[in-house]
J.: 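Got a structure for you, questions after.
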Amino acid sequence: DAKTTQPNSMESNEEEPVHLPCNHSTISGTDYIHWYRQLPSQGPEYVIHGLTSNVNNRMASLAIAEDRKSSTLILHRATLRDAAVYYCILRSDLTGGGNKLTFGTGTQLKVEL
Amino acid sequence: DTEVTQTPKHLVMGMTNKKSLKCEQHMGHRAMYWYKQKAKKPPELMFVYSYEKLSINESVPSRFSPECPNSSLLNLHLHALQPEDSALYLCASSDNLAGRIYEQYFGPGTRLTVT
């Protein structure tokens with residue numbers, strides 16, 4: 001399985017943008033790039049995903065490098081509630097249905113006032 | 001309803017006990033998953049069920065036995081566990097249909113301690 005690498009931790013001030021990087025140099029052509037986050041004492045929560053093009057949704061933006069070997073999750077204005085572990089994940093779809101998520105090690109985001 | 005529920009929230013069991021973890025979703029999802037998460041580590045996939053059939057077993061020891069009695073329920077039967085099996089066990093579900101987002105919805109997990 002292809003792997004992702006992420007920094008262990010990052011810090012941000014509240015209401016400032018945050019850029020969370022991820023490297024996935026061995027990504028295959030059919031793998032989707034997903035980001036999930038996990039708040040304390042909760043299961044992971046979907047944030048955003050993409051294949052080749054940059055994506056925006058109400059939570060965040062995803063910038064994907066042209067060669068797809070790296071991506072960046074962008075939180076436009078971090079709040080204290082965004083403090084969590086952010087996982088960069090490669091998703092492969094299974095022929096029998098469902099999909100397989102290969103989690104990176106995660107980045108602990110700390111947000112300060 | 002976009003909720004995946006898991007029971008119990010916490011479980012303490014001895015190495016000779018038999019127990020079961022339960023997971024339920026009512027989103028009509030036909031794929032369900034079990035993950036194991038150790039402290040400060042990412043979740044690791046254990047099993048995938050698609051249309052109530054086991055499609056992936058990630059070389060999980062036989063002391064963990066999954067069961068999918070219907071499309072809404074997923075169980076994980078535990079027997080003769082070891083202390084190193086103590087972890088957070090997460091259940092998730094997702095759509096199977098082409099064109100859907102394939103987002104996995106996770107439950108809050110069952111915190112298992114093996115003594």
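What you see is a predicted model, and the numbers here were worked out from it, not measured in a lab. To find a chain, count down the sequence lines: A is the first, B the second, and so on, and within it residues start at 1.
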J.: Nearest 0.5 Å, what's the CD-CG distance between A:Gln42 and B:Leu90?
T.: 11.5 Å
J.: Side chain from CB out, backbone as N, CA, C, O: work out which of these in A:Glu45 comes under 4.5 Å of a heavy atom of chain B, or both, or neither.
T.: neither
J.: Give, as side chain, backbone, both or neither, the part of A:Tyr36 having an atom under 4.5 angstrom from any heavy atom of chain B.
T.: side chain
J.: Strictly below 4.0 Å, N to O, side chains only: are B:Glu44 and B:Lys36 in salt-bridge contact?
T.: no
J.: Quick check on B:Lys41 against chain A: is it the side chain, the backbone, both or neither that has a heavy atom closer than 4.5 Å?
T.: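 For B:Lys41, the contact with chain A is made by the backbone alone.
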J.: Salt bridge check, A:Lys100 against B:Glu58: does any charged N sit closer than 4.0 Å to a carboxylate O?
T.: yes
J.: Please classify the contact between B:Gln37 and chain A as side chain, backbone, both or neither, with a heavy-atom cut-off of under 4.5 Å.
T.: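 Contact with chain A is through the side chain of B:Gln37 alone.
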J.: Are B:Gln104 and A:Asn99 close enough that some pair of their side-chain heavy atoms sits under 4.5 Å apart?
T.: yes
J.: With chain A, which of B:Pro108, B:Gly107, B:Pro43 has the greatest number of heavy-atom pairs at distances under 4.5 Å?
T.: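 Most pairs with chain A among the choices: B:Pro43.
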J.: Taking the six-membered ring for Trp, are B:Tyr35 and B:Phe106 closer than 6.0 Å centroid to centroid?
T.: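 Yes, the ring centres sit under 6.0 Å apart.
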J.: Counting only heavy atoms closer than 4.5 Å, note whether B:Tyr33 contacts chain A via side chain, backbone, both or neither.
T.: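 For B:Tyr33, side-chain heavy atoms alone lie under 4.5 Å from chain A.
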